[in-house]
S.K.: 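Would you mind keeping the following structure in view while I ask a few things?
The shown structure was predicted, so the numbers you read here are calculated from the model rather than taken from an experiment. The residues of the chain are indexed from 1 along the displayed sequence.
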Amino acid sequence: MPTLAKDLNETVNPRVAAISPSGIRSFDAHVSKIPGIVKLTIGEPDLNVPEHVKQAAVQSIVENDSHYTSNRGKIELREAISGYLERTRGVHYDPETEIVATVGATEALAATIFSLINEGDKVIIPTPAFSLYFPLVSLAGGTPVQVDVSEDDFVLTPELLENVLKKEGPAVKAVLLNYPVNPTGREYPRDVLEGLAKVIADHHLYVFADEIYSDLVYGVEHTSMATLLPDRTIFISGLSKSHAMTGYRMGYFAGPKEAIDNITKLHSFLVTSITDSTQAAAIEAYTNGDEDPVKARAIYQKRRDYVLKSLNDMGIETVPPQGAFYIFAKIPASYGTDDMQFALDLAKEAQVGVTPGNAFGAGGAGWVRLSYAASDEDLHTAMERMKPFIEKVNAKN
């Protein structure tokens with residue numbers, strides 16, 4: 001096993017060296033070693049990819065569809081995404097110039113942030129938030145400005161944004177919004193988004209809109225920032241959550257041509273283009289798969305209701321999720337506020353894995369995230385194991 005030459009030990013990008021690994025993935029890897037653990041740590045749908053989508057990928061392979069495509073993705077795919085966005089967001093994106101297929105929404109986010117954020121720029125990120133956002137902004141030379149929204153029903157209000165912008169000054173270049181929110185499942189009401197859109201336009205900012213969970217909402221209407229503010233929004237999404245296609249790595253970004261041209265250059269240097277069979281599957285999903293997320297929603301909503309009731313019956317305070325497939329739960333007051341230790345104790349003593357809230361930034365302290373994308377069997381087992389653990393915690397105080 002080779003050991004790095006000593007004279008190379010300091011040869012590293014200091015920005016990379018200064019960043020910690022993903023708190024979500026690190027914690028998951030740690031508790032995965034516990035025998036018999038039931039993991040509700042990762043947002044990994046247990047559902048299968050719809051059969052018609054799988055068959056499109058298979059057919060692509062059988063037909064030797066195995067060559068480079070345009071950096072932006074096949075025009076048939078971009079046309080399918082354009083049609084989907086027009087149906088669901090009421091915004092027309094030119095498939096030739098305003099849509100690019102990427103290796104998951106993760107690469108879309110990276111290409112967008114690295115292309116548009118300069119040294120010293122600030123990006124507003126409401127927290128709790130998906131932990132990937134913070135290191136991406138830092139690696140681009142920017143500063144992620146975490147705004148704790150836990151006291152505002154877990155949404156960024158126009159009033160709070162205005163106050164933060166006054167405090168942070170002209171270095172702010174963008175607001176990063178993810179909703180339905182990972183980890184809380186909160187959806188942003190239209191009136192709040194309209195207020196945010198006005199503030200963002202008044203301050204001449206970009207919006208990076210990560211709406212990867214927008215097809216999974218329960219009893220509420222999803223309003224896109226792309227609908228309200230198309231000239232300032234870089235819209236980011238994909239099929240990982242809506243069609244249980246996490247392993248296919250199918251994402252995309254869309255927006256005004258002038259911005260998309262620059263983001264596309266970086267995207268092409270990073271990955272050239274995405275896999276042909278993934279593109280074939282995505283064409284099918286965006287052309288004939290509008291009903292697939294509807295079926296998935298019904299399953300997730302049933303699981304959400306079960307887990308939510310189970311936790312509430314244990315006396316645990318929760319944020320009732322309106323979308324995605326996560327529940328944000330407050331650790332019992334009798335335990336204290338150390339969400340990391342609580343999650344470790346739960347994993348070791350009850351063999352249930354959840355993600356500590358501190359992995360999602362300042363607004364997550366004292367909370368944990370549970371994913372109900374797991375199977376019904378695992379969810380029932382987890383709730384059965386958690387009940388005596390919570391009773392024991394409460395009995396100590």
Side-chain angles (χ1 to χ4, degrees), residues 69-118 121 123 125 129-130 132-133 135-137 139-140 142 173-179 182 200 205-215 222 224-243 245-246 248-275 278-279 282-283 285-286:
T69 69
S70 162
N71 294 140
R72 295 171 182 257
K74 294 182 178 185
I75 186 60
E76 297 89 347
L77 172 55
R78 287 177 277 143
E79 288 172 344
I81 294 171
S82 178
Y84 162 79
L85 291 175
E86 193 144 13
R87 292 193 304 275
T88 62
R89 303 301 192 277
V91 180
H92 175 71
Y93 290 104
D94 181 353
E96 289 281 358
T97 61
E98 296 180 331
I99 297 172
V100 177
T102 61
V103 183
T106 299
E107 193 245 316
L109 283 160
T112 297
I113 291 170
F114 292 162
S115 299
L116 300 181
I117 296 303
N118 295 302
D121 286 349
V123 178
I125 305 174
F130 183 39
L132 174 72
Y133 305 143
L136 286 180
V137 173
L139 286 169
K173 293 300 186 295
V175 178
L176 199 164
L177 291 177
N178 159 238
Y179 64 97
N182 174 8
I200 288 164
L205 306 176
Y206 269 109
V207 183
F208 303 151
D210 178 2
E211 299 184 26
I212 189 71
Y213 294 99
S214 58
D215 284 318
H222 178 81
S224 174
M225 269 309 223
T227 305
L228 300 177
L229 215 55
D231 57 334
R232 296 184 175 277
T233 299
I234 306 300
F235 180 89
I236 294 164
S237 194
L239 291 170
S240 290
K241 313 302 182 180
S242 61
H243 288 70
M245 292 172 65
T246 53
Y248 282 62
R249 309 311 303 134
M250 170 59 218
Y252 64 91
F253 56 84
K257 176 185 182 302
E258 297 82 358
I260 296 305
D261 283 347
N262 276 313
I263 305 171
T264 303
K265 281 190 284 187
L266 184 55
H267 157 76
S268 67
F269 294 142
L270 289 171
V271 301
T272 305
S273 60
I274 71 170
T275 309
T278 290
Q279 294 192 57
I283 292 168
Y286 283 122

S.K.: Quick one: CZ on Phe235 to CD on Glu98, what's the gap to the nearest 0.5 Å?
M.R.: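 Atom-to-atom, Phe235:CZ and Glu98:CD are 13.5 Å apart.
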S.K.: In Å and rounded to the nearest 0.5 Å, what is the NE2 to OH distance from His243 to Tyr248?
M.R.: 11.5 Å
S.K.: To the nearest 0.5 Å, what is the distance between CG on Leu239 and OG1 on Thr246?
M.R.: 11.0 Å
S.K.: Listing request: all side chain to side chain donor-acceptor pair (under 3.5 Å) pairs with a residue in residues 104-115, at least two apart in sequence or in separate chains.
M.R.: Glu107-His267
S.K.: Could you list all the ring-ring contact (aromatic ring centres under 6.0 Å, His included) pairs where at least one residue sits in residues 87-113, not counting sequence neighbours?
M.R.: none
S.K.: Lys265: which residues meet the salt bridge (charged side-chain N to carboxylate O under 4.0 Å, His left out) condition with it, sequence neighbours left out?
M.R.: none
S.K.: Enter the distance from Leu139:CG to Phe114:CZ here, rounded to the nearest 0.5 Å.
M.R.: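 Interatomic distance, Leu139 CG to Phe114 CZ, rounded to 0.5 Å: 5.0 Å.
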S.K.: Kindly determine whether Ile99 and Arg72 satisfy side-chain contact (heavy atoms from CB on, under 4.5 Å), including the steps that lead there.
M.R.: CA-CA 7 Å; Ile99 297 172; Arg72 295 171 182 257; over 6 Å; no
S.K.: Quick check for you: to the nearest 0.5 Å, what is the distance between Glu258 atom CD and Asp231 atom CG?
M.R.: 10.5 Å
S.K.: Which pair of heavy atoms, one from Pro230 and one from Pro256, lies closest together, and at what distance?
M.R.: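 In this case the closest contact between Pro230 and Pro256 is O-CG, 3.5 Å.
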S.K.: Could you tell me if the side chain of Tyr84 sits less than 4.5 Å from the side chain of Asp215, heavy atoms only?
M.R.: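 The answer is yes, as the side chains (C-beta and beyond) meet within the 4.5 Å cut-off.
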S.K.: If you define the side chain from C-beta out and look only at heavy atoms, does anything of Ile260 sit under 4.5 Å from Lys257?
M.R.: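 Counting from C-beta outward, Ile260 and Lys257 never come under 4.5 Å.
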S.K.: If every non-hydrogen atom of Arg87 is compared with every non-hydrogen atom of Tyr286, which pair is closest and at what distance?
M.R.: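 In terms of heavy atoms, the two residues are closest at NH2-O, 3.0 Å.
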S.K.: Does Thr272 reach the side chain of Asn71, with side-chain heavy atoms less than 4.5 Å apart?
M.R.: yes
S.K.: What distance separates Ser237 OG from Leu85 CG, expressed to the nearest 0.5 Å?
M.R.: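 Reported to 0.5 Å precision, the distance equals 8.0 Å.
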S.K.: Name the residue from Thr102, Val100, Ile113, Ile234 that meets the side chain to side chain contact (heavy atoms under 4.5 Å, CB included) definition with Ile263.
M.R.: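 Only one option passes, and that is Ile234.
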